[in-house]
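Okay, here's the structure, questions in a sec.
Below, chains carry the letters A, B, ... as their sequence lines are ordered, and counting in each starts from 1. What you see is a predicted model, and the numbers here were worked out from it, not measured in a lab.
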There are 2 protein chains.
Amino acid sequence: MLAIGTLSRRTGTKVQTIRYYEEIGLMNEAGRTAGGQRRYFEKDLDRLAFIRHSRQLGFSLDSIRELLDLSDNPSQPCAEADSIARRQLRQVEQRIKRLQALKKELKRMVAECDGESVAECKVLEVLRDHSECLTEHDEIGA
Amino acid sequence: MLAIGTLSRRTGTKVQTIRYYEEIGLMNEAGRTAGGQRRYFEKDLDRLAFIRHSRQLGFSLDSIRELLDLSDNPSQPCAEADSIARRQLRQVEQRIKRLQALKKELKRMVAECDGESVAECKVLEVLRDHSECLTEHDEIGA
DNA sequence: CTTGAACCTCTATCTGCTGTAGCTTGTATC
DNA sequence: GATACAAGCTACAGCAGATAGAGGTTCAAG
């Protein structure tokens, strides 16, 4: 039987975060000692590791919920898991694209700044006037 | 005199967001009509445009606050604006790096999936076992 | 003068946690 | 068995950065 702190250490997850995952139904409700402390089995550790790893790959908690449901029913075809992963891949690719546009613009901004007074600062000038931008960047980098 | 809806349309900012910016002190408190509605000058529009453009380039509201302060005092040297922009550039570059590692891993995941049953789904398998990962990805893409 | 779009305030919600306060439990050591 | 104290517990507040809705008021065109 594992205490919550053990799961925490072994998965690199904050104790509060584990309790939070239970609260939102991502982790099953843990068994308790007579005194009310949570106790876990190895399978709970595996589930938590799955969640953390998915988070590291950028999946939302909702996507992870779907993936866990699939994982719990091993007889279905895995097309759905595949499509969730592809969706995530597309999102990551789009974010990269947007960030690269931002990077280009920021680079140009700082390259043109010659350290003169704020009055003629290129950085501030560009921020003031979007029309000076060379690239499109209409969405906020999320 | 411009109504809040006009600022909203001309900058692509939701009305609530403009009020939110006022609430947190990014926008100055607007003047009011006798009936209590906000009214703006062109300079407020410019300030809002500056904020939105900075947000599109990924600057945090705190950074924007600093940039606005600088912009309001045009006689100082612009080294500080420059360093804020450079910091932002570094952040963007790091995010791109992390996302590219994720992309690589996700690509491999979906490439190896052959549509068989969930039981042998590569996607789920990789999520279950971090040691199958080829790339490092220890931080969550933010 | 009437209509109705646009405005107002206030509060709640979202994502994904993280931190704090104040108290209780479990376990190792004496 | 007593004691110390790390680790657990609940409950609630807070972060960024908005966004949405309820329920009511104002402005401007016709």
Open item on the list: Looking at A/R55, I'd like to know whether one of its side-chain N or O atoms comes within less than 4.0 Å of OP1 or OP2 on C/dT15.
Closed with: no
Open item on the list: Check the phosphate of D/dA18 against B/Y21, side-chain N and O only, distance under 4.0 Å to OP1 or OP2. Yes or no?
Closed with: yes
- [ ] Kindly say if A/R9 contacts the phosphate of D/dA6, meaning a side-chain N or O under 4.0 Å from OP1 or OP2.
- [x] no
Task: Rounded distance in Å - CD (A/Q56) to C1' (C/dC17) - done: 15 Å
Task: Carboxylate-amine/guanidinium contact A/E112 A/R108, below 4.0 Å - done: yes
TODO: Provide, to the nearest angstrom, the distance between the CD atom belonging to B/Q16 and the P atom belonging to D/dA16.
DONE: 19 Å
TODO: Taking only Lys NZ, Arg NE, NH1 and NH2, and the carboxylate oxygens of Asp or Glu, determine whether B/K122 and B/E125 approach each other closer than 4.0 Å.
DONE: yes
Open item on the list: Can you identify which nucleotide, out of D/dG17, D/dT19, C/dT15, has its nearest atom closest to the B/K14 side chain?
Closed with: D/dT19
Task: Phosphate OP1/OP2 of D/dC27 contacted by B/R39 side-chain N/O (<4.0 Å) - done: no
TODO: Calculate the interatomic distance between A/L26 atom CG and C/dC17 atom P; express it in whole Å.
DONE: 9 Å
Open item on the list: Looking at D/dG8, I'd like to know if its phosphate oxygens (OP1 or OP2) sit under 4.0 Å from a side-chain N or O belonging to A/R38.
Closed with: no
Task: Distance-only side-chain donor-acceptor flag, B/Y40 / B/R47, under 3.5 Å - done: no
- [ ] Give A/F59 one of three labels, base, sugar-phosphate or nothing, depending on what nucleic acid heavy atoms sit under 4.0 Å from its own.
- [x] nothing
TODO: Report the distance from atom CD of A/E22 to atom P of C/dC17, rounded to the nearest whole Å.
DONE: 16 Å
Task: Salt bridge B/R65-B/D62, side-chain N to carboxylate O under 4.0 Å - done: yes
- [ ] Take the protein atom CZ of A/R32 and the nucleotide atom P of C/dG26, then report the distance between them rounded to whole Å.
- [x] 12 Å
Open item on the list: Once you apply a heavy-atom cut-off of 4.0 Å, does B/I4 come out as touching a base, just sugar-phosphate, or nothing?
Closed with: sugar-phosphate
Open item on the list: From CE of B/M27 over to P of D/dG17, roughly how many Å is that when rounded to an integer?
Closed with: 17 Å
Open item on the list: Counting only side-chain nitrogens and oxygens, does B/S60 get under 4.0 Å of the OP1 or OP2 atom of D/dG17?
Closed with: no
- [ ] Round to the nearest Å and state the distance from A/M1 atom CE to D/dG8 atom P.
- [x] 14 Å
TODO: Please state whether the phosphate of C/dT18, meaning OP1 or OP2, lies under 4.0 angstrom from any side-chain nitrogen or oxygen of A/T17.
DONE: yes
Task: Distance-only donor-acceptor test (3.5 Å): side chain B/Q37, base C/dA6 - done: no
TODO: Could you say whether A/T33 or A/T13 is positioned toward the 5' end of DNA chain C, judged by the nucleotide with the nearest heavy atom to each?
DONE: A/T13
Task: Carboxylate-amine/guanidinium proximity below 4.0 Å for B/D82 and B/R86 - done: yes
Open item on the list: Output the rounded distance in Å from OH (A/Y20) to P (D/dA11).
Closed with: 17 Å
